[in-house]
Amino acid sequence: MQLPPFFRKLGLTAHVIASVGWLGAAAAFLALAIIGLTSNDPQTVRGVYLVMDPAARYLLVPLAFTSLLTGIVQSLGTTWGLLRHYWVIFKLIITAFATLVLLTYLPTLHAMARSAADPAVALPLVRNPSPALHAGLGMLALIVATVLAIYKPRGMTRRASR
Amino acid sequence: MAAIVTPRTAGIDVSTDEQQTPGGDARNPEPHNTPRWVKVFGGLMIIALLLFLLLMLTGGPGRHGPRRHLGAATSPAPHALLATAPVWPAQTS
């Protein structure tokens, strides 16, 4: 099913905003994670881990789902198709996998925030390299997806050539 | 005489996403052949997924793998997750 040009452009705009916004939010998240690991100020360290939980819940997750859904709509509503081109399939897998990892990581972020809020927990236990690792790998995956979307390397699936 | 430089003569791709259509594959004389980049990329993705599954099943080094996060979903004890986490060698307050 082909979307009319107006809706195609609208969908593409929404998809680019959500996807690039997600990448930017992941970069900000990585910056926060590095501050949490390196800052000398205990309040800053605890503040960083406190803010990561709502930031992931109310920013990263909505952006991830918007990117995934607009991407699916965009591929189904244009001649690219969802399973016709390899680059579209890879992009779908990367986005879906990154969203899944993000969702499974939310309880850990919540636990870190609760520890950061508890003055009885020592600062070395509040610090954790895990958010930096996840944000870094997430950024890498999203950069690869962005590169695929821009270069659109050739290659059609057998399903498409039937 | 100065040459006129346009984006096209400068080698800059001026096509927009709207202009980039699946028609680009019409240049491919053998559409049934899987391109090399797909094989390489697919192989890397399979390795990454297998690594993730391995960490998921084994719990990862120091029981710090992805399975830890799933456990947290069912028992959200605040410090239980951090008990096995490595202490970052940073300054104490």
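Throughout, protein chains are lettered first and strands after them, A, B, ... in sequence-line order, and every chain is numbered starting at 1.
For CD of A/Gln43, the number of neighbouring non-hydrogen atoms (other residues, nucleotides, ligands) closer than 6.0 Å is 12 at most.
Across all non-hydrogen atoms, the minimal contact from A/Pro131 to A/Phe29 is CB-CE2, 4.4 Å.
Residue contact with chain B, scored on non-hydrogen atoms closer than 4.5 Å, is absent for A/Leu133. For A/Ile94, the parts lying near chain B are the backbone and the side chain together; criterion is any non-hydrogen pair under 4.5 Å. There is no contact between A/Val16 and chain B, counting heavy-atom distances below 4.5 Å.
A/Phe65 is linked by a ring-ring contact (aromatic ring centres under 6.0 Å, His included) to nothing, counting only residues two or more places apart in sequence or in another chain.
A side-chain donor-acceptor contact under 3.5 Å links A/Arg127 to the backbone of A/Gly36.
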